[in-house]
Amino acid sequence: MSAGTSSLAFPHRHLLGIEGLSPDEITLLLDRSESYVEQSRQIDKKQSLLRGRTVINLFFENSTRTRTSFELAGKRLGGDVINMSVQASSIKKGETLIDTAMTLTAMHPDVLVVRHPESGAVQLLAEKVDCAVINAGDGSHEHPTQALLDALTIRRRKGRLQGLSVAICGDILHSRVARSNIALLNIMGARVRVVAPRTLLPAEIERLGVEVFHDMAAGLAGVDIVMMLRLQTERFHGSFVPSIREYFHFFGLDYAKLAAAKPDALIMHPGPMNRGVEIDTAVADDIDRSAIRQQVEMGVAVRMACLEVLSRELSNRAPAK
Amino acid sequence: MTARSLFRNARLLDPATGLDRPGDLVVEDGRIAALGGRLTLAGEGETIDCTGACLAPGLIDMRVELREPGFEHQESMQSGALAAVAGGVTTMVALPNTEPVIDDMALVEFVARRSRDVSLARIRTYAAATKGLKGRELTEFGLLAGAGALAFTDGGQAIADAVVMRRALAYARTFDLLVMQHPEEPNLAAVGAMNEGEVATRLGLGGITPAAEVIMVERDLRLCEITGGRLHIAHVSTAAAIEAIRQAKRRGLPVTTDTAPHYFALNETAVGDYRTFAKVSPPLRGESDRRAVVAGLKDGTIDAIASDHSPHDQDSKRLPFASAASGIVGLETLLPLALELYHNGHLSLLEALRPLTERPAAILRLPAGRLEIGAAADLVIFDLERPRRIDVDAFRSKSRNSPFDGRPVQGQVLRTVIAGRSVFMHRD
């Protein structure tokens, strides 16, 4: 399907997660993203597709990268983008989540981009508002645009997703990136491994369609893609690993461990990186192997595509009450 | 003048004696005066035709939260008692997790007075096992029992400190009192919001391992053994804990246990897409644990069924799952959900009623739960077969937090009688 003339519908009002998307829908989003990669490399990056539309970035959790990425995506499509940061302390009382939703919906936004520290919170909010909602990360549940941008990065570097072997390494337990990537890669026919100490793996993770490893050498053997995850120390309740030193020794990615992967294996990281914790600086900055910067570029394109397909849906609906 | 009434042509059911036969029951001055085949009144009185209906001892719900004093916007003794009688419950026992906490004689007496004021279902209370439910200092077991507290518990919080629990059991034995424990290792429970497993992993929710239950149960069984204190383990939900209790009973330990309807009527998949109405403590478990609860009821390892009635307002439930309050309102669904076990062929009718009548009465030493001549005429008359859907909007409770809304069930309470007085009558 050529980008720009895609006729396939995206029959969802919201983008709350990867789970529930079909291979065709994911392919549609990736194909649309391709055209936005090109657009973002032009001097004039702006379109008017979202002219007159309002996008609100509603972040209940600190984020610079994702919020900026969504902000740029909305602006490059010609939309009006507002950023709202709600301090975690004031949302502890959960009425505020619903209250915030009701307040915002009265302002007639067209798209809400929401990040929240609790799993399921974005869905709860989506049930209460009239507009389209994009999940920009909810707790340890999903972060669908991250998985899409990872998939776009892989597809551009490897030409495909089907049949690739992908190792996701590190703090799987707390990672919404891992859950969304596991879902997407399985839907698209890749083989997924997870590599982590047992304390950082949730129960029955194998039921999500992954092969489980507790050793980097075995887990990385022959893989095409090495995805490192950030050690999310802010989500740690208690001690999951005894020390950073020990963690890096056994699970941090350096050239020695990377040697087990295919010679052309791609290194990815959703950022922000803890250098010397889960990834060695030299590996992270290796321009031949690391796709980490490219991931950031793809992020804007993918978010433009998501905003586009969801607003296309919007135009078919009556204006909000 | 003697007040008399005749309940005519009922299916008389009494799990305590194995009675299951058609017949009549006569009440005089609030007490059961006669039961058997064809009876007549010895004078003036009311005749209540029970043709086609079952007549059983009024249900005893051995664990409810009534939110009074302190949280009357969620429930009160009045609304809770209305819900109780609509559910066929004639005696219920409240947990002490109110504000203030029921850890003082005056508060136990307050519950008794309010029960008399409300004058619907009989409301009894547990007292806190530790002052302020803080898990450190024991309350005045002897004096509180004298004031009417039926047993000692920290409600939904486990008594975590093994020394405190040991002393509670040992001290309780001094007065032959009962200690009721919430069976959950608190640190293992604190990291999760639902049962650990595939569902929690998919939803990105912290999981509570089923082992958190058996760890606490096995510890407490050891403490029960060395102290000889009577131990009641509340709402068991896992196969491992039920098996541990089964073995302990075989060894002759003074231990009893109960479960709640949601642990045999639902499993963890009820959480679905973060349905906070399915959030309870202990959490809904996997299917194999659910089946073990049914088996535990069948072989009598699980003595009683309590509703775990836990009313919450909408604001407490319309939250992200991990932040939402735990609990289900249960008084008005207790009987139909227990009867599912009969309709599904898991239990006989008397086996389904025993955990709601004779067993909790025996555990708490209440003079109730039997059709016995001379006993208070606390009765429930119900249609065993009538199909309907549970409708939370019809609840008398102030709260609506039930995952059972819309569930098709069989069984409808027709009339609830307390001391001979009809306190609830169903209207179609």
Side-chain angles (χ1 to χ4, degrees), chain A residues 16-20 60-61 88 91-99 101-102 114 116-128 135 137-143 172-180 182-183 194 199 201-210 212 235-238 240, chain B residues 73-74 185-213 238 240 267-279 283-289 312-327 401:
Chain A
L16 298 179
I18 296 297
E19 208 168 88
F60 293 92
E61 195 178 66
I91 57 150
K92 281 292 182 213
K93 296 222 183 297
E95 305 95 319
T96 317
L97 178 62
I98 304 291
D99 288 349
M102 299 322 290
V114 186
H116 196 282
E118 285 203 60
S119 301
V122 178
Q123 182 180 319
L124 178 67
L125 192 135
E127 289 163 6
K128 309 291 176 196
N135 182 0
D138 65 321
S140 306
H141 180 223
E142 283 242 34
H143 190 357
I172 311 288
L173 180 66
H174 300 96
S175 178
R176 52 196 174 213
V177 175
R179 283 172 181 77
S180 286
I182 289 167
V194 294
T199 48
L201 285 169
E204 297 184 39
I205 183 76
E206 66 283 356
R207 300 288 292 270
L208 273 56
V210 298
V212 180
R235 290 184 205 281
F236 279 22
H237 306 284
F240 289 86
Chain B
H73 64 292
Q74 297 183 333
E185 202 291 314
N187 294 305
L188 286 171
V191 299
M194 69 171 293
N195 192 45
E196 182 173 275
E198 183 185 349
V199 182
T201 293
R202 282 186 187 280
L203 294 174
L205 291 171
I208 302 173
T209 171
E213 182 167 290
T238 63
N267 66 23
E268 63 189 347
T269 60
V271 172
D273 271 340
Y274 305 101
R275 288 183 68 209
T276 57
F277 281 3
K279 186 180 180 192
L284 299 177
R285 305 294 186 180
E287 177 60 13
S288 61
D289 283 325
H312 287 290
D313 53 62
Q314 287 215 339
D315 289 345
S316 311
K317 284 287 192 181
R318 284 169 75 182
L319 293 175
F321 195 87
S323 299
S326 293
N401 51 301

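Throughout, protein chains are lettered first and strands after them, A, B, ... in sequence-line order, and every chain is numbered starting at 1. As the structure is a prediction and not an experimental result, all values here were calculated from the model. Scope of the values below: all heavy atoms of this structure, side chains included, with no hydrogens, waters or symmetry mates.
- Among T209(B), D273(B), L205(B), the residue with the largest count of heavy-atom pairs under 4.5 Å with chain A is D273(B).
- Interface check for chain B: of the options G120(A), A183(A), A178(A), the most heavy-atom pairs under 4.5 Å are formed by G120(A).
- Of the two parts of R207(A), the backbone and the side chain both hold a non-hydrogen atom closer than 4.5 Å to a non-hydrogen atom of chain B.
- In this structure, E118(A) contributes its side chain and S323(B) its backbone to a donor-acceptor pair below 3.5 Å.
- Only the side chain of L124(A) comes within contact range of chain B, with at least one heavy atom under 4.5 Å from a heavy atom of that chain.
- Across all non-hydrogen atoms, the minimal contact from R179(A) to G204(B) is NE-CA, 3.5 Å.
- Residues E204(A) and G197(B) share a closest heavy-atom pair of OE2-CA, 3.7 Å.
- To the nearest 0.5 Å, atoms CD (E142(A)) and CG (L203(B)) are separated by 10.0 Å.
- Atom CD of Q314(B) has 12 or fewer neighbouring heavy atoms from other residues, nucleotides or ligands inside a 6.0 Å radius.
- The backbone N or O of I205(A) sits nowhere less than 3.5 Å from a side-chain atom of T201(B) that would complete a donor-acceptor pair.
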